[in-house]
Protein chains: 2
Amino acid sequence: MTVTKRGRPRSFDREAALAQATRLFWEYGYEGTSIADLTRAMGISPPSLYAAFGDKRALFTEVVDRYGGTFGAFMGRALEEESDVRTGFARMLREAAVSYTDPLHPAGCLVITAATNYSAQTADVERDLRQRRVANVRDFEERLTRAEKAGSLPPGAEPRALAVYFAAVVQGMSQQARDGASAAELERVAELAMTAWPVPKGA
Amino acid sequence: MTVTKRGRPRSFDREAALAQATRLFWEYGYEGTSIADLTRAMGISPPSLYAAFGDKRALFTEVVDRYGGTFGAFMGRALEEESDVRTGFARMLREAAVSYTDPLHPAGCLVITAATNYSAQTADVERDLRQRRVANVRDFEERLTRAEKAGSLPPGAEPRALAVYFAAVVQGMSQQARDGASAAELERVAELAMTAWPVPKGA
DNA sequence: TAAATTTTACAGCGATCGCTACGTAATCCG
DNA sequence: CGGATTACGTAGCGATCGCTGTAAAATTTA
């Protein structure tokens, strides 16, 4: 045990430095965050970083583990604390909506997006791809709005909400495919997703 | 017009080279694919690449545009060709399931995943994050299986399908948050997603 | 065949990457 | 106080990044 610490004491707050590293990795991804970026945000020099955290890979692992115990812990809590399974899943989704858009930290989930890297000089690439995705959501919305006006959708069907929902499903299917889901599994996802389609009031 | 071409003719197939570049960007992302990777796969030298495509950024844009007209075209077709809106969205999701898992090309959608970069030396980071996500899906599945056995889920509720579905929704919500969706929009997504929850036969 | 034009491969540019050797500063133990 | 120990900043390592200068090779035009 190292109860007594000899030598020159550390001159920075390890937890605060870890929080800064979390913010950077969350925002810019693993490769998109350089050692220079980290040392600048943490207010320390490279040797101090390596002495305190090992190397970049080890620091990242520590960041992800810490994330799971803090920002990402709402998922397990929601599923664990609710006695009813359905209530648990519903609460998890609701809290995800809040957490993923909390302006106090980067958007989305670190575990999902930390491989999405963009450094300063390639930020426009990510911006271009994002614009294409946003345009796609708008295309969904316009088609749904036209359908509602044409009477093929029940009134009050919320084209915007449906568009974001279907875009999220498509993007989730893409991610699941990257993570190894089979065609059969994704086809079941497609079927399940269609249960959200609005039904007329009197049906 | 350059009907007649003077000088030394190009010694490689531009379309084939573009297809190789598409494969690399699709699999490894923009930053994860280096000029050296590209020239190796395309079978050409750097000056030939720059003469034929401009620079890396322009090549990537051409790749994404080409993708939209080929692999990614099924979406617009499904929504356009079906007279009924609901049938169009259902077909789009079904075809996404097939396309995203087609073993003839990288998994998922290029526009969604091309910012997910991982080079050779950081592939283990992406692998680690993927394992965490896969473990999460399994956790969902186990909870749903236990609920089914305990009778809190109707029989034949397909825990695996539901787990993949809810994981996809969560990941889609994360991506939508990154793309600028609001908390209110994501909360509506959460509500809509819950309509997939299985109901007892006699209800 | 000679001049003009374009593509080719080789080699290397400056910048940035993750990482570290080195000497100094600051603390604890005796 | 002196010696041991640990953290610090500076400065720079080798490797890789996107990209290009240069000259030879290959083709069309005159």
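Here is how names work: the chains are called A, B, and so on, in the same order as the sequence lines, proteins then strands, and each is numbered from 1. All of these numbers come straight from a predicted model, not from anything done at the bench.
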Over how many whole Å does the gap from [X] atom [atom1] to [N] atom [atom2] extend?
X      : N       : atom1 : atom2 : answer
Y50(B) : dC17(D) : OH    : P     : 11 Å
M42(B) : dT8(C)  : CE    : C1'   : 16 Å
K56(A) : dG18(C) : NZ    : P     : 4 Å
R6(A)  : dT6(D)  : CZ    : C1'   : 10 Å
D13(B) : dT7(C)  : CG    : C1'   : 16 Å

Look at the rings of F53(B) and F12(B) and say which category their plane angle falls in: under 30° parallel, 30 to 60° tilted, over 60° perpendicular.
tilted
When the rotation axes relating C1' atoms of four end pairs to the next four are compared across the helix from dT1(C)-dA30(D) to dG30(C)-dC1(D), five pairs an end, they differ to 10° by 0°
Do the side-chain N and O atoms of [X] and [Y] include a donor-acceptor pair separated by under 3.5 angstrom?
X       : Y       : value
Q176(A) : Q171(B) : yes
D102(B) : S99(B)  : no
T61(B)  : R57(B)  : yes
R23(B)  : Q20(B)  : yes

List in chain and number order the residues that pass salt bridge (charged side-chain N to carboxylate O under 4.0 Å, His left out) with E148(B), two or more places apart in sequence or in another chain; answer none if no residue qualifies.
none
Distance-minimising heavy-atom pair for [X] and [Y]:
X       : Y       : result
T39(B)  : S45(B)  : CG2-C, 3.9 Å
T101(B) : A177(A) : CG2-CB, 4.2 Å
V164(B) : E185(A) : CG2-CD, 4.4 Å
A58(A)  : D55(A)  : N-OD1, 3.0 Å

Which of residues 59-67 of chain A sit near DNA chain C, with a heavy atom under 4.0 Å from it?
none
Within residues 21-38 of chain A, which residues have any heavy atom lying less than 4.0 Å from an atom of DNA chain C?
T33(A), S34(A), I35(A)
With sequence neighbours excluded, residues passing ring-ring contact (aromatic ring centres under 6.0 Å, His included) with F89(B):
F140(A), F166(A), W197(A)
For nucleotides 8-15 of chain D, just jot down a letter per nucleotide in 5' to 3' order: B, S or -, based on protein non-hydrogen atoms under 4.0 Å.
SBB-----
Can you tell me if Y28(B) has over 12 outside heavy atoms packed within less than 6.0 Å of its OH?
no
Which residue in the set F60(B), Y100(B), F71(B) passes ring-ring contact (aromatic ring centres under 6.0 Å, His included) when paired with W26(B)?
F71(B)
